[in-house]
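Okay, structure first, notes after.
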Amino acid sequence: MFDTSPALDCAGRLLRLDRPRICGVLNLTDDSFSGDALRDDVRAALERGLKMVEQGADMLDVGAESTRPGAQPIDARDEIARVVPVITALQGEVEVPISIDTSKPEVMRAALAAGAGLINDVYALRREGALETAAELKVPVCVMHMQGEPRTMQDKPVYDDVVGEVHRFLAERVFACEMAGIDKRRVLVDPGFGFGKTLEHNLALLRGLDRFRDLAAGVFVGLSRKSMIGTLTGRAGGADRATGSAAAALIAVQRGATVVRVHDVAATRDAIAVWTRVATGDTQVARAAAIPKRSPWDDDD
Ligand code: HH2
């Protein structure tokens with residue numbers, strides 16, 4: 001029997017969207033806020049990527065430009081020099097789709113040539129040439145909302161109605177994608193937690209996440225280890241925020257997120273596995289990293 005569930009074709013690697021998916025983060029930055037910066041260490045990145053897949057990651061997101069509030073931009077040449085060796089190494093060792101976290105057309109091209117199959121752009125393909133390049137490369141894209149830009153985005157962000165405004169922005173970006181030739185079935189939308197948002201804004205977006213479900217192929221969410229988790233738990237940073245992050249990821253998938261971008265794959269996978277199995281009534285003894293096969297959404301709505 002053919003599997004007709006919705007899926008993203010990431011340059012030949014399928015990401016099915018029939019149940020919650022976990023995206024492991026590989027930050028090739030010098031200064032990620034999440035405390036997991038791998039700099040230019042290809043071997044460490046490969047090892048971490050393999051470990052994440054073993055723990056249950058359904059895809060890996062590789063990036064070299066820190067988007068931490070106040071972070072300085074990186075030159076395209078340096079970004080390519082960091083991401084390409086890691087994507088090349090990963091694509092020979094893992095079968096899951098690899099996404100490139102960038103907003104620069106040159107980096108998109110180089111990453112795709114090395115084996116990446118999805119473009120994750122925190123600028124929602126608004127930078128010069130990005131939309132046309134993504135359309136030409138014919139891979140799925142993730143478009144994220146951000147108010148301002150990383151250097152200044154946390155200087156008093158203001159909204160009248162954060163859910164409505166972020167929804168309108170993402171609807172416009174999906175429309176722009178379609179106008180450029182990117183079918184919305186190949187687009188994921190992301191409200192951009194922490195990108196020009198206060199804690200109240202982030203909480204309102206998380207509570208209202210199901211509003212974003214019908215905009216495109218699915219909702220992508222990055223809450224992992226962000227400062228809102230620190231504020232809610234009192235944890236200073238890094239891996240100390242793993243449990244709070246797994247709880248937030250679970251809340252996001254319960255509200256319809258299709259992909260959660262996380263640093264702590266094992267904890268997230270376990271949290272989602274427990275909910276899925278409660279929702280579906282599946283009583284089989286689980287294999288360690290096996291993700292439950294049935295969709296929790298159908299049974300729990
Ligand atoms: N968050 C970060 C980076 N890329 N992409 C999407 N689509 N959504 C997100 O929420 C998102 C993202 C920031 O997290 P991280 O990569 O851990 O930190 P840094 O940018 O400091 O390396």
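Both counts, for ligands and for their atoms, begin at 1 and track the order of listing. When reading the values below, keep in mind they use all heavy atoms of this one structure, side chains included, and skip hydrogens, waters and symmetry mates.
- Contacts between Cys142 and ligand 1, counted as non-hydrogen atom pairs separated by less than 4.0 Å, involve the side chain only.
- Of all the heavy atoms of Asp101, the ones lying under 4.0 Å from any atom of ligand 1 belong exclusively to the side chain.
- Looking at heavy atoms from C-beta onward, Val260 lies out of side-chain contact with Arg269 at the 4.5 angstrom threshold.
- Using a 4.0 Å cut-off between heavy atoms, Thr67 contacts ligand 1 through both its backbone and its side chain.
- When side chains are defined from C-beta on, Arg261 counts as touching Asp101, because their heavy atoms get closer than 4.5 Å.
- Listed by atom number, the atoms of ligand 1 under 4.0 Å from Asn120 heavy atoms are 5 (N), 6 (C), 7 (N).
- The nearest non-hydrogen atom to atom 11 (C) of ligand 1, considering only His263, Met146, Lys226, comes from Lys226.
- Residue-ligand proximity, Met144 to ligand 1, at heavy-atom distances under 4.0 Å covers atoms 6 (C), 8 (N), 9 (C).
- Distances below 4.0 Å separate heavy atoms of Asp190 from the following atoms of ligand 1: 6 (C), 7 (N), 8 (N), 9 (C), 10 (O).
- At a 3.5 angstrom cut-off on N or O pairs, Glu65 does not count as close to ligand 1.
- Checked against the 6.0 Å centroid threshold, Phe195 and His145 do not count as a close aromatic pair.
- Contact atoms of ligand 1 toward Phe220: 6 (C), 7 (N) (distance under 4.0 Å to a heavy atom of the residue).
- In the hydrophobic clustering of this structure, Leu170 does not group with Val259; members are Ile, Leu, Val, Met, Phe, Trp, Tyr whose side-chain heavy atoms approach within less than 4.5 Å, directly or through other members.
- Each of the atoms 15 (P), 16 (O), 17 (O), 18 (O), 22 (O) of ligand 1 lies under 4.0 Å from some heavy atom of Asn27.
- Salt-bridge check for Arg168 with Asp161: failed, with every basic side-chain N at 4.0 Å or more from each acidic carboxylate O.
- Using a 4.0 Å cutoff on heavy atoms, Ser66 counts as a contact of ligand 1.
- Every N/O-N/O distance between Asp61 and ligand 1 stays at or above 3.5 Å.
- Using a 3.5 Å distance cut-off with no hydrogens or angles, the side chains of Glu79 and Thr102 do pair a donor with an acceptor.
- Using cut-offs of 30° and 60° on the angle between ring planes, the pair Tyr159 and His201 is perpendicular.
- One finds no salt bridge joining Arg207 and Asp210 here, because no Lys/Arg side-chain nitrogen approaches an Asp/Glu carboxylate oxygen to under 4.0 Å.
- Contacts of Val122 with ligand 1, taken as heavy-atom pairs under 4.0 Å, involve the side chain alone.
- Residues Asp264 and Ser245 bring no donor and acceptor atom of their side chains to less than 3.5 Å of each other.
- Each of the following atoms of ligand 1 lies closer than 4.0 Å to a heavy atom of Gly222: 10 (O).
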